[in-house]
Amino acid sequence: MNVVLKLSNRQHAEDLARRLVQLTDRIRITDSAAMDKKGCDDKIPYFVIDDSMAAACSSASALLNVIRARYTEETGRRLCCAADAGPVIIGAGSAAGGSGTTAAAVTLARILAGRMDGETVLIFAHRNSDGMRYLENIGGDKRVFSSRQLDYMLTHDIETDITKYICRDRYGPLTAVSAADPRLLLDRLEVLYPVEAAVLDLGSRGRAADCHIYIETAACGDLRAADFETRAAAPDAAGNKIFFLNKTAASGRQGRLFCLPEDCESFRSGADRSMEDRGTGIGTIEIAMDGLFAAAVRKAADEVIAMMEQFRYK
């Protein structure tokens, strides 16, 4: 299928084309100017992506699903995609720091790890992440290297034993730090483990386009929180998005809006003070997996698992 990009923002078009090519090599990308000059081969089905279509699909993965459905409808064949065999990537991000993305990502990864047949990977994918303080009893002699060290090794392909960069949280997920390109790390991990799901803590500067499913978080009191319920219920925003509203007493939800309670009992200081010993000045935080916070995330996990099915062609 020939995909024609008719976007007003040239940089956006280039980024989108690059991501679509990464997902599948079965489509040909053409910009609208080239199509106007040369036309399009009538024998090749084509799909026009304009600004409204790009805005309706919050990620390249969601857009690819629309293209695949069109391709199947017109040709009767399935458009192969790199994501078919790889893990489903779930990103948690926010527009402002301190919105609770790390706590949500850690809790969700632990829940998925207990329900997936394959491995669940938890990656702290932003440079300012203090995610490791949430991991209790990771134990052993393993040391989680800094994001800068790991990125250098991955980018230069000079490290063969990738297992030294990961730990296994006692609840199941494999955990690691990678700030530059989590996909590089996933490619290496897939060689060693049957990875089924990858949860990325993207922080406040995450890219939704890098994820199949995107979770946006906001803290109650954040000025952006006022329109969360409306956005969660909007058809054009709910394609592959889930919304977490943190620190709220509300228990209901609208669309894909999940309200996570402010439950102080769910978060307590851990016994492991190794982070302080390293001179960081912070200790560990335990997340009670039997608390109200985890119970609310479990409801969202049901939604995530249901959404994961759309990325698995049978």
Side-chain angles (χ1 to χ4, degrees), residues 19 22 59-61 82-83 86-94 97 99-116 118-136 138 142-155 157 159 161-217 240 242 244 284-285 287 297 300-301 304 308 311:
R19 183 59 179 151
Q22 289 175 345
S59 75
S61 298
V88 174
I89 300 175
I90 304 135
S94 65
S99 296
T101 58
T102 300
V106 171
T107 306
L108 178 63
R110 288 172 168 174
I111 294 169
L112 293 180
R115 298 178 60 178
M116 299 286 99
E119 295 281 4
T120 297
V121 177
L122 169 63
I123 299 176
F124 301 108
H126 62 105
R127 294 195 180 279
N128 297 323
S129 175
D130 61 348
M132 288 301 171
R133 69 188 298 203
Y134 286 86
L135 303 180
E136 51 190 297
I138 53 180
K142 298 222 175 187
R143 175 192 174 198
V144 179
F145 282 63
S146 71
S147 58
R148 180 175 297 182
Q149 289 172 308
L150 179 54
D151 286 339
Y152 182 84
M153 295 294 187
L154 291 172
T155 304
D157 197 26
E159 180 54 67
D161 185 11
I162 199 68
T163 60
K164 71 170 62 175
Y165 297 104
I166 64 173
C167 295
R168 187 183 292 277
D169 181 44
R170 70 185 178 113
Y171 292 98
L174 305 173
T175 62
V177 175
S178 180
D181 189 350
R183 185 70 246 186
L184 285 174
L185 178 58
L186 278 173
D187 289 343
R188 300 289 291 273
L189 291 176
E190 285 181 76
V191 176
L192 302 172
Y193 305 96
V195 180
E196 186 172 359
V199 179
L200 275 54
D201 173 18
L202 298 171
S204 59
R205 296 184 179 180
R207 285 173 44 85
D210 293 333
C211 309
H212 299 100
I213 301 170
Y214 182 66
I215 298 172
E216 184 172 345
T217 67
N240 71 331
I242 292 177
F244 281 177
T284 59
I285 297 175
I287 302 176
V297 177
V304 169
M308 288 175 67
F311 301 104

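Predicted model only: the values in this text are computed from it and were never measured. Computed over heavy atoms, backbone and side chain alike; hydrogens, waters and symmetry mates excluded. When a residue number appears, it is its place in the shown sequence, counting from 1.
Inter-residue side-chain proximity for Pro173 and Arg110 is flagged as met; some heavy-atom pair is nearer than 4.5 Å. Ile90 has its side chain within reach of Leu108: a pair of non-hydrogen atoms, C-beta onward, lies under 4.5 Å apart. Taking 4.5 Å as the limit, some side-chain heavy atom of Val106 sits within range of a side-chain heavy atom of Ile287.
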Q.
Go through it in stages, so that I can follow the logic: the residues are Thr120 and Leu174, the test is side chain to side chain contact (heavy atoms under 4.5 Å, CB included), and I'd like the CA-CA distance, side-chain angles, deciding distance and then a yes or no.
A. CA-CA 6 Å; Thr120 297; Leu174 305 173; over 6 Å; no

Q.
What verdict does the side chain to side chain contact (heavy atoms under 4.5 Å, CB included) test give for Val121 and Val199, after you've listed the backbone C-alpha separation in whole Å, the side-chain angles of each residue and the deciding distance to 0.1 Å?
A. CA-CA 6 Å; Val121 177; Val199 179; over 6 Å; no

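Of all non-hydrogen atoms in Thr101 and Gly203, the two that sit nearest each other are OG1-CA, 4.0 Å. Taking each heavy atom of Cys211 and Leu202 in turn, the nearest pair found is SG-CD1, 3.8 Å. In this structure, Tyr214 and Ser94 approach most closely via the heavy-atom pair OH-N, 3.8 Å. When every heavy atom of Ala105 is checked against every heavy atom of Asp201, the shortest pair comes out as CB-CB, 4.0 Å. Shortest non-hydrogen contact noted between Ile242 and Ala300 is CD1-O, 4.4 Å. Across every non-hydrogen atom of Gly172 and Glu119, the tightest pair is O-OE1, 4.3 Å.
Distance CZ/Phe244 to OG1/Thr107: 9.0 Å, rounded to 0.5 Å. Rounding to the nearest 0.5 angstrom, the gap separating the OH atom in Tyr193 from the CZ atom in Arg188 is 12.0 Å.
For the pair His212 (side chain) and Ile89 (backbone), a donor-acceptor distance under 3.5 Å is present. Although no hydrogens or angles enter the test, the distance criterion places a donor-acceptor pair under 3.5 Å between the side chain of Thr175 and the main chain of Cys167.
Ion pairing between a basic and an acidic side chain is recognised when a charged N comes within 4.0 Å of a carboxylate O; Arg115 and Glu196 show no such pairing.
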